[in-house]
Number of protein chains: 2
Amino acid sequence: MSSSNAIGDSTVIQQRNLVEQVADYLTQAIISQKFAPGERLSEVQLARDLGVSRAPVREAARLLESRGLLVSQPRRGFFVRGLDAAELNDIFDLRLCLERHAMLRLVDDFDADKEQALRCQVEVMCEVATGDSESHKIEEDLVFHRMVIAFAGNRRLLKAFDDISHELRLCLALIGKTHADPDTISTSHWLLLDALASGDPGCCREAIDYHIGVARDYVVQGIGESTS
Amino acid sequence: MSSSNAIGDSTVIQQRNLVEQVADYLTQAIISQKFAPGERLSEVQLARDLGVSRAPVREAARLLESRGLLVSQPRRGFFVRGLDAAELNDIFDLRLCLERHAMLRLVDDFDADKEQALRCQVEVMCEVATGDSESHKIEEDLVFHRMVIAFAGNRRLLKAFDDISHELRLCLALIGKTHADPDTISTSHWLLLDALASGDPGCCREAIDYHIGVARDYVVQGIGESTS
DNA sequence: GTTCCACAAACTGTCGACAGTCGACAGATG
DNA sequence: CATCTGTCGACTGTCGACAGTTTGTGGAAC
């Protein structure tokens with residue numbers, strides 16, 4: 001559901017607009033910490049560097065602002081979002097809120113197809129876990145959790161998740177370390193699947209609370225180390 | 001032709017950000033159904049009507065898009081968001097998700113000050129309920145629920161609520177009728193306060209589930225009537 | 001050495017303009 | 001009559017430019 005083009009992927013006529021390209025560039029630059037947290041971004045300089053005018057740069061920056069990767073001050077411009085431990089806690093608390101809700105909605109009509117799709121995704125996650133591309137690991141993990149929410153059937157809920165997913169990427173990238181162990185990944189996510197398969201809401205809630213709790217503690221601890 | 005300026009009551013007030021002014025104007029126009037759902041908005045025409053250039057209009061439109069009041073199609077422009085029953089259900093389901101979480105967080109450190117502030121707000125709601133300004137009633141109701149979430153202490157959760165609050169305003173405005181009875185308002189919200197004061201999470205969850213459920217049913221029913 | 005003020009550089013907010021693209025409509029073709 | 005095609009108008013995406021504001025710097029006053 002992530003790549004949406006009915007034609008295919010080879011001969012896609014992707015006349016992508018500049019705004020998206022600039023937004024992708026900025027997102028990548030922020031997540032890879034090419035721009036330091038708190039750094040001021042100049043519209044003119046960005047436009048010069050990217051060889052475009054200020055209009056698409058500005059629009060892309062506003063987009064990233066709505067995604068929480070940039071903050072803007074009137075007449076002063078855009079700054080790279082810095083995250084302290086408190087904000088990080090808030091983000092993971094909201095994530096828990098959304099995912100818990102999705103689990104409780106999903107458990108009511110969980111079927112074999114959905115379970116199969118999710119198990120498949122866990123396999124993918126284990127595969128990339130053996131590689132050394134941090135961004136791939138993060139991305140596939142997000143795909144799994146996004147699938148859970150998508151299966152819950154509430155598009156608005158999914159949009160809310162997509163909104164914070166950008167911030168999540170930033171968090172995870174900022175601490176720079178991910179739990180690379182395939183065993184840990186598979187067991188921790190299978191626990192979620194088992195909970196869904198059991199059909200017991202209480203069990204689901206417990207499982208997701210634990211799962212997100214572990215992730216949050218891990219990230220908060222990581223931030224504590226990186227900012228010390 | 002560019003002599004008339006439609007923003008605000010007085011003439012050209014350029015002290016405040018133009019983008020904000022245009023966004024306010026558009027929001028008001030959409031909520032008051034001056035623009036019909038699904039209607040296409042022309043950047044040039046809006047800019048002409050408001051006596052500004054296309055840049056702030058475009059930026060404001062993107063803002064409203066991020067708030068869910070407009071949708072954009074590449075190379076085709078902006079369209080006023082139309083809401084069907086399914087989307088409406090999704091929005092209220094997400095609202096339930098956020099508010100339930102806030103209630104459960106808040107119940108842990110609920111104190112007399114917060115209770116006092118919330119009871120005060122209920123008084124205000126009852127006062128405006130006797131008047132005939134629909135928007136005032138909606139606004140004060142949203143203030144109450146926003147206070148609950150703000151007291152929960154998660155700023156990111158509050159931002160998520162602010163995001164959907166614009167869509168909520170649209171929903172509530174679209175059906176055009178609000179439960180004007182002060183008695184109903186006071187009792188239904190006092191139930192929430194009592195639940196919080198009791199300190200029992202289960203009680204809170206039950207109370208907010210009921211509260212949002214009633215509101216959702218009411219709005220969904222209203223939409224069903226208005227679109228039939 | 002510190003503080004204050006003035007000036008210059010750079011930046012954002014806003015504007016008007018141009019080019020490529022989309023949708024509608026009329027005319028051609030079967 | 002239905003369908004395809006070429007043209008036209010309107011609109012969005014993008015650009016460069018101007019004006020007012022913010023910021024950083026350097027010198028003068030104390």
Side-chain angles (χ1 to χ4, degrees), chain A residues 4-7 11-27 29-30 35-36 38-66 69-81, chain B residues 1-8 10-27 29-30 35-36 38-66 69-82:
Chain A
S4 57
N5 195 309
I7 303 176
T11 54
V12 189
I13 321 244
Q14 52 174 2
Q15 178 194 9
R16 292 193 5 177
N17 53 3
L18 283 184
V19 176
E20 270 184 52
Q21 295 185 52
V22 175
D24 283 352
Y25 168 80
L26 287 180
T27 303
I30 292 172
F35 298 143
E39 183 177 341
R40 179 176 181 174
L41 298 185
S42 159
E43 291 179 12
V44 256
Q45 187 170 341
L46 279 175
R48 260 201 310 263
D49 293 348
L50 299 178
V52 297
S53 84
R54 276 178 54 212
V57 170
R58 191 181 171 83
E59 202 161 312
R62 286 264 179 250
L63 185 63
L64 287 246
E65 183 190 11
S66 78
L69 296 185
L70 293 177
V71 291
S72 77
Q73 294 182 23
R75 296 246 170 228
R76 296 214 43 215
F78 296 92
F79 299 79
V80 178
R81 170 89 174 275
Chain B
M1 72 174 75
S2 59
S3 56
S4 65
N5 189 306
I7 298 181
S10 53
T11 53
V12 193
I13 310 162
Q14 303 210 343
Q15 215 47 31
R16 249 183 53 197
N17 213 355
L18 274 189
V19 177
E20 270 184 51
Q21 294 184 55
V22 176
D24 283 352
Y25 168 81
L26 287 179
T27 304
I30 292 171
F35 299 142
E39 182 176 343
R40 178 178 181 173
L41 299 185
S42 162
E43 291 179 12
V44 257
Q45 187 170 342
L46 279 175
R48 260 201 308 264
D49 293 347
L50 300 178
V52 297
S53 85
R54 274 179 57 213
V57 170
R58 190 181 172 84
E59 203 162 311
R62 287 266 179 246
L63 186 62
L64 288 245
E65 183 190 11
S66 78
L69 296 184
L70 294 177
V71 290
S72 78
Q73 293 181 23
R75 296 252 167 222
R76 296 217 45 214
F78 296 92
F79 298 80
V80 178
R81 170 88 174 275

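- A straight line from CG of B:Leu46 to P of D:dC11 spans 11 Å, rounded to a whole angstrom.
- In the set C:dT14, C:dG13, D:dG13, the nucleotide with an atom closest to the side chain of B:Glu43 is D:dG13.
- Every salt bridge (charged side-chain N to carboxylate O under 4.0 Å, His left out) that A:Glu59 has, sequence neighbours left out, goes to B:Arg58, B:Arg62.
- With sequence neighbours left out, the salt bridge (charged side-chain N to carboxylate O under 4.0 Å, His left out) criterion links A:Arg54 to A:Glu43.
- In this structure, CD of A:Gln45 is placed 15 Å from C1' of C:dT12, rounded to the nearest angstrom.
- Across B:Leu63 and B:Ala23, no two heavy atoms sit closer than the pair CD2-CB, 4.0 Å.
- Contact between the side-chain N/O atoms of B:Asn17 and the OP1/OP2 oxygens of C:dT14 is found at a separation under 4.0 Å.
- Contact detail for B:Phe35 and B:Glu39: the closest heavy-atom pair is CA-OE1, 3.4 Å.
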N/O donor-acceptor pairs under 3.5 Å from side chains in residues 45-52 of chain A, not counting sequence neighbours:
none

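- Annotation for A:Leu18 and A:Pro56: closest pair CB-CB, 4.0 Å, computed over non-hydrogen atoms.
- Taking each heavy atom of A:Ala60 and A:Leu26 in turn, the nearest pair found is CB-CD1, 4.5 Å.
- In this structure, the CD atom of A:Gln21 is 14 Å from the P atom of D:dG13, given to the nearest Å.
- For the pair B:Leu70 CG and D:dT12 C1', the computed distance is 15 Å after rounding to whole Å.
- Within residues 56-65 of chain A, the residues that have a heavy atom under 4.0 Å from DNA chain D are, in order of number, A:Pro56.
- Atoms CG and CZ, from B:Asn17 and A:Arg75 in turn, are 7.5 Å apart once rounded to the nearest 0.5 Å.
- Among the protein residues, B:Leu41 comes within range of the sugar-phosphate backbone only, with heavy atoms under 4.0 Å from sugar or phosphate atoms but none that close to a base.
- Between A:Ile30 and A:Leu70, the closest side-chain pair of non-hydrogen atoms falls below 4.5 Å.
- Taken from CZ in A:Arg40 to CZ in A:Arg76, the straight-line distance is 5.0 Å, to the nearest 0.5 Å.
- For the atom pair A:Glu65 CD and A:Phe78 CZ, the distance stands at 5.5 Å (nearest 0.5 Å).
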Hey, what are the protein-to-nucleotides 22-25 of chain D N/O distances that come in under 3.5 Å?
unit_1, atom_1, unit_2, atom_2, d
D:dT23, OP1, A:Arg76, NE, 2.7

Extract from the structure each pairing of a protein N or O with an N or O of nucleotides 16-18 of chain D at less than 3.5 Å, listing the distance.
none

